[in-house]
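Note that this is a predicted model, so its numbers are computed, not measured. Ligands are counted one by one from 1 in listed order, and the atoms in each one are counted from 1 as well.
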Amino acid sequence: MKSYLTLTNEERRAELEPLQAQYAKVRECGLKLDMSRGKPDPTQLNLSMDMLSQNPYDLIYSRKGTDVRNYGELAGVDEAKELFGAILGVPMQNVIMGGQSSLCLMYDSFIKALVLGVYGGSKPWGQQGHLRFLCPVPGYDRHFRICEEFGVEMISIPMSPTGPDMELVRQYAESDPSVKGIWCVPKYSNPQGYTYSAETVRAFAALKPAADDFRIFWDNAYMVHGFREKDDELLNIFAR
Ligand SMILES: Cc1ncc(COP(=O)(O)O)c(C=O)c1O
């Protein structure tokens, strides 16, 4: 499809009319939907209700004896790492607790790659000329906004119920060092709710990108479902 910016007035009008008809039809339904994303489910929110009735002074010290109201544990307190390790299915040693939302962490990682490079000694992305990023579509607009903000060209990769078109991902990633990474929402992807298949994940692990500073942003935004699937395990952790 042509970009709206390049359409003639006539083409724009031809595009607008059916869209207005569609819009009118949706309005006729009189729906009152909450379209905000990522809102925790009440069952998830309820998990922390008991904390509010606790004596706050009982919660001040971690198991190790750290006063959790203060600075101290750079990668996060062990109890929190254990909790999220169970949700993510990884050992707690592999968890770093960020003091921010995941979007802030992703934005920060992206900027660090642009300004400092992705590992010690690698040339910052920002000094490597034109940059390209693979964007499975439809996808998460906030990921794409980060690319847009820094002038990184976005390459659309079609999504399917098993994940992005991995043949296309492989072709781009393995042939072009200006392709620096890909945005992924592997579980319950936004907006279709698809989960990448094991084969897709294995294809990611087997990628041999032309850029040695290629990065996969693996945004596992699946907390609501994660809690439901693992309630018992999580409650056991809370009980310890
Ligand atoms: C795919 C995806 N990533 C990240 C977020 C935002 O998460 P956070 O609140 O941790 O920034 C959302 C919110 O809906 C999301 O859908």
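Residues Glu149 and Phe110 are not in side-chain contact: their nearest non-hydrogen atoms beyond the backbone lie 4.5 Å or more apart.
Checked against a 3.5 angstrom limit, the closest N/O atoms of Leu103 and ligand 1 fall inside it. In terms of N/O distances under 3.5 Å, ligand 1 is approached by Ser101.
Counting heavy atoms under 4.0 Å from ligand 1, residue Asp219 touches it through the side chain alone.
Between the CD atom in Gln54 and the OG atom in Ser48 there is a gap of 11.5 Å [rounded to 0.5 Å].
Taking the centre of each ring, Trp218 and Phe204 come in below the 6.0 Å mark. Side-chain rings of Tyr140 and Phe217 stay apart, their centers remaining 6.0 Å or farther from each other.
Here is the list of ligand 1 atoms found below 4.0 Å of a heavy atom in Val185: 1 (C).
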